[in-house]
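Here the structure comes first, spelled out in structure tokens, and everything after it is commentary.
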Amino acid sequence: RPGPRDFSEEFLWWYSKSGALITAGGYDCRAALYHYERNGVPTEGLLPYSGIQINSNHAHVPVPDDAIDRAFDYRQPPLAMLPERDVASVKAVLESGRCVGFGSDTYDWNTATGVIGFPDPLDSRGVGGSHCTTIIGYIDRDDLPAHFEGGYFIVRNSWGGANSTTHLMGPEYGGHLLM
């Protein structure tokens with residue numbers, strides 16, 4: 001369908017927990033995408049994102065019946081897996097107008113400043129936590145130190161920080177992470 005859509009993150013979170021009242025945190029990115037492809041997700045208006053952790057109700061049940069009914073209208077066609085660490089493939093998808101979902105082992109997130117830290121891959125066991133986010137764009141920059149490898153991916157996260165005056169790329173990037 002043409003035009004941008006705002007879908008319910010809460011619904012995918014609920015679906016991942018199978019509607020269980022008492023659940024633990026965390027959600028595998030592949031599971032989220034599987035649920036989106038198979039079962040769909042309703043628009044944000046039917047189950048708005050609250051960002052609040054409700055003690056002993058992490059899945060935020062009950063979910064309204066109309067959110068469950070309308071989710072099927074917005075199923076995703078079969079998803080494609082991209083090769084790991086293939087920057088050119090990610091950029092090609094972004095240039096086509098689509099976004100790229102990914103799971104990462106991150107720590108030291110700061111959506112107000114845009115800083116995202118990654119542990120050394122050899123030392124990453126038990127550091128940080130798996131988190132599902134979305135790459136929505138990129139910035140190529142040849143004036144950065146070599147370890148930035150020519151630029152940033154722009155990562156959208158649901159943890160706030162919008163319009164932050166401390167974001168290293170300016171307030172219009174608030175709530176986004178630069179990877």
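Summarising the geometry of L94 relative to I135, their closest heavy-atom pair is CD2-O, 3.3 Å, with the distance given to 0.1 Å. What you find for L79 and E37 is that their closest heavy atoms are N-OE1, 3.3 Å. Across V90 and F153, no two heavy atoms sit closer than the pair CG1-CE2, 3.4 Å. When all heavy atoms of R38 and R75 are compared, the closest pair comes out as O-CD, 3.2 Å.
Partners of D86 by side-chain hydrogen bond (donor to acceptor under 3.5 Å, both in side chains), not counting sequence neighbours, listed by chain and number: S89. Residues satisfying the ring pair (Phe, Tyr, Trp, His ring centres under 6.0 Å) criterion with Y152, sequence neighbours excluded, are F148. In terms of the salt bridge (charged side-chain N to carboxylate O under 4.0 Å, His left out) criterion, D142 has no residue partners (sequence neighbours excluded). For Y138, the side-chain hydrogen bond (donor to acceptor under 3.5 Å, both in side chains) criterion is met by E95, not counting sequence neighbours. The side-chain hydrogen bond (donor to acceptor under 3.5 Å, both in side chains) test applied to D140 returns K91, not counting sequence neighbours. Partners of R141 by salt bridge (charged side-chain N to carboxylate O under 4.0 Å, His left out), not counting sequence neighbours, listed by chain and number: D143. The ring pair (Phe, Tyr, Trp, His ring centres under 6.0 Å) check on F7 picks up Y74, with sequence neighbours excluded. Listed by chain and number, the residues in a side-chain hydrogen bond (donor to acceptor under 3.5 Å, both in side chains) with D65 amount to none (sequence neighbours excluded).
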Intermediate values then yes/no, side-chain contact (heavy atoms from CB on, under 4.5 Å), L82 and F102:
CA-CA 10 Å; L82 299 177; F102 78 103; over 6 Å; no

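V155 is connected to V93 through a chain of hydrophobic side-chain contacts under 4.5 Å among Ile, Leu, Val, Met, Phe, Trp and Tyr, so both are in one cluster.
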Side-chain donor/acceptor pairs under 3.5 Å, residues 39-47, sequence neighbours excluded:
{"from": "N39", "atom 1": "OD1", "to": "Y15", "atom 2": "OH", "distance (Å)": "3.4"}
{"from": "N39", "atom 1": "ND2", "to": "Y15", "atom 2": "OH", "distance (Å)": "3.2"}
{"from": "E44", "atom 1": "OE2", "to": "Y49", "atom 2": "N", "distance (Å)": "2.5"}

